[in-house]
Amino acid sequence: HPFSVSKPYLNVHETGNSKIHGISLAFDPLKSPHYKVICVRDSVSSPQHYQIEIYSSQTGPWRLSGDPFIADVNFSKGVYWNGSIYWISTIGNLTFLYFNFDFESLRIMPMPHFPDDQGTTITYFGESFGHLHLTKISFYTIRFDVYEMRRDDSEWFIKYKVDFEHPYDHELKYYNFAIISLVRGKREEDAFFVLAVVNDDKVMKYNFINKTFEKLCDYDVEDEQVFYCSTIGAFEYIESLCCV
């Protein structure tokens, strides 16, 4: 069913035309037909600080939340999970910053401990079917772990171990595929990666349990565009009658 879309405009006079760094939607149709939008922008009152504003479809206009703050995360890639919006750092010390809507508070959480922090990069960070996931791949290997966050935000644990050393019928290298999405389902055997494979011009499905590949579709775009699909983002389709 299609969504109807409303536009909660920011008040330009109140924000002072300050730069917006990210806008994220907090919405779970299984819990409520209402939604909230969080905006992170430059603070008007405190230079080199950020400020959070919140819009609620239930209560109405934008309002400030909390005091100005300093952070080093990518606010354009917010992920909604477990009642909070999570952002991940992209440079420097790898950390999480997340905003809890119930308490309207910012909290910091360290990243999981990776066996080797040399020459690695975050290749996927997202939510699916109530699970928050993270992957980090070395520049020189295609064996890596998929981490999942515990529901109480206490720690990350290894959910899947992935080995692409012996893939379907073409050789995968760390530089010729991109993780577009990680999809979970009701059953454990339903979990899979969606991968864009550059040298094959294909989008593939990789099942974590039986370790098999399946072609989903071909693509017809430049290789460089596909390689950076993971930085653009993919979103799961969810049927709903809720108006968002």
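For clarity, every value in this text was computed on a predicted model and none was experimentally measured. The first residue of the sequence shown is numbered 1, and numbering continues consecutively from there.
Atom CG of Leu132 sits about 9.0 Å away from atom CG of Asn82, to the nearest 0.5 Å. One finds the CD atom of Glu155 at 8.5 Å from the CE atom of Met149 (value rounded to the nearest 0.5 Å). For the atom pair Lys205 NZ and Glu214 CD, the distance stands at 5.0 Å (nearest 0.5 Å). If you take CG on Leu97 and CD1 on Ile70, they are separated by 12.0 Å, rounding to the nearest 0.5 Å. The CZ atom of Phe125 lies 14.0 Å from the NZ atom of Lys136; values are rounded to the nearest 0.5 Å. The CD1 atom of Ile52 lies 10.5 Å from the CG atom of Asp67; values are rounded to the nearest 0.5 Å.
In terms of the salt bridge (Lys or Arg N to Asp or Glu O under 4.0 Å) criterion, Glu127 has no residue partners (sequence neighbours excluded). Residues passing the side-chain contact (heavy atoms from CB on, under 4.5 Å) test with Pro68, sequence neighbours excluded: Ser43, Ser45, Ser46, His49, Gln51. In this view, Tyr50 and His21, Phe69, Phe75 satisfy the ring pair (Phe, Tyr, Trp, His ring centres under 6.0 Å) rule, not counting sequence neighbours. Remark: Tyr80 pairs with no residue by the ring pair (Phe, Tyr, Trp, His ring centres under 6.0 Å) rule, at least two apart or across chains. Lys215 is linked by a salt bridge (Lys or Arg N to Asp or Glu O under 4.0 Å) to Asp218, counting only residues two or more places apart in sequence or in another chain. For the side chain to side chain donor-acceptor pair (under 3.5 Å) test, no residue two or more places apart in sequence or in another chain qualifies with Ser57. Residues meeting the ring pair (Phe, Tyr, Trp, His ring centres under 6.0 Å) test with Phe129, sequence neighbours left out: none. Taking Asp190 as the reference, Arg187 meet the salt bridge (Lys or Arg N to Asp or Glu O under 4.0 Å) condition, with sequence neighbours excluded. Here Lys36 pairs with nothing under the salt bridge (Lys or Arg N to Asp or Glu O under 4.0 Å) rule; sequence neighbours left out. In this structure Ser181 satisfies the side chain to side chain donor-acceptor pair (under 3.5 Å) test with no other residue, sequence neighbours excluded.
At least one side-chain heavy atom of Ile54 sits less than 4.5 Å from a side-chain heavy atom of Phe99. The shortest distance between side-chain heavy atoms of Trp87 and Tyr98 does not fall below 4.5 Å. A heavy-atom distance below 4.5 Å is not found between the side chains of Val37 and Ser24. The shortest side-chain heavy-atom distance between Asp145 and Val162 does not fall under the 4.5 Å cut-off. Between Asn74 and Ser89, every side-chain heavy-atom pair lies at or beyond the 4.5 Å cut-off.
Closest of all the heavy-atom pairs between Asn210 and Thr212 is OD1-OG1, 2.5 Å. The two residues Ile85 and Gly78 come nearest to each other via the heavy atoms CG2-CA, 4.2 Å.
In this structure, Phe157 has its ring center no closer than 6.0 Å to that of Tyr147. Aromatic pair Phe164/Tyr206: centroids less than 6.0 angstrom apart. Ring centers of Phe192 and Tyr160: at least 6.0 Å apart, outside the cut-off.
Sorted by first then second residue, the salt bridge (charged side-chain N to carboxylate O under 4.0 Å, His left out) pairs that include residues 19-34, not counting sequence neighbours, number zero.
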Open item on the list: Evaluate Ile180 against Leu195 for side-chain contact (heavy atoms from CB on, under 4.5 Å), listing each step before the verdict.
Closed with: CA-CA 6 Å; Ile180 300 178; Leu195 307 171; over 6 Å; no
TODO: Determine, stepwise, if the pair Val40 / Ile20 fulfils side-chain contact (heavy atoms from CB on, under 4.5 Å).
DONE: CA-CA 6 Å; Val40 181; Ile20 295 175; over 6 Å; no
- [ ] Could you check Glu148 against Arg184 for side-chain contact (heavy atoms from CB on, under 4.5 Å), going step by step and ending with a plain yes or no?
- [x] CA-CA 12 Å; Glu148 181 177 341; Arg184 297 284 291 271; 3.1 Å; yes
- [ ] Show your working on side-chain contact (heavy atoms from CB on, under 4.5 Å) between Leu182 and Val146 and close with a plain yes or no.
- [x] CA-CA 10 Å; Leu182 192 161; Val146 177; 3.6 Å; yes
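Relative orientation of the Tyr55 and Trp62 rings is tilted, given thresholds of 30° and 60° on the angle between their planes. Note: Phe96 and Trp156 have parallel aromatic rings, judged against thresholds of 30 and 60 degrees for the angle between ring planes.
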Could you list the donor-acceptor pairs under 3.5 angstrom formed between side-chain atoms of residues 101-110 and any protein atom two or more places apart in sequence or on another chain?
unit_1: Glu104; atom_1: OE1; unit_2: Arg63; atom_2: NH1; d: 3.2
unit_1: Glu104; atom_1: OE1; unit_2: Ser65; atom_2: OG; d: 2.8
unit_1: Glu104; atom_1: OE2; unit_2: Arg63; atom_2: NH1; d: 3.3
unit_1: Glu104; atom_1: OE2; unit_2: Arg63; atom_2: NH2; d: 2.3
unit_1: Ser105; atom_1: OG; unit_2: Arg107; atom_2: NE; d: 3.3

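Residue Gln48 qualifies as open at atom CD: its count of foreign heavy atoms under 6.0 Å is 12 or below.
A donor-acceptor contact shorter than 3.5 Å links the side chain of Trp81 to the backbone of Gly130. Using modelled atom types, one side-chain atom of Ser18 and one backbone atom of Asp42 make a donor-acceptor pair closer than 3.5 Å.
Of the listed residues (Thr135, Ile88, Ile137), just one forms a side chain to side chain contact (heavy atoms under 4.5 Å, CB included) with Ile122, and that residue is Ile88.
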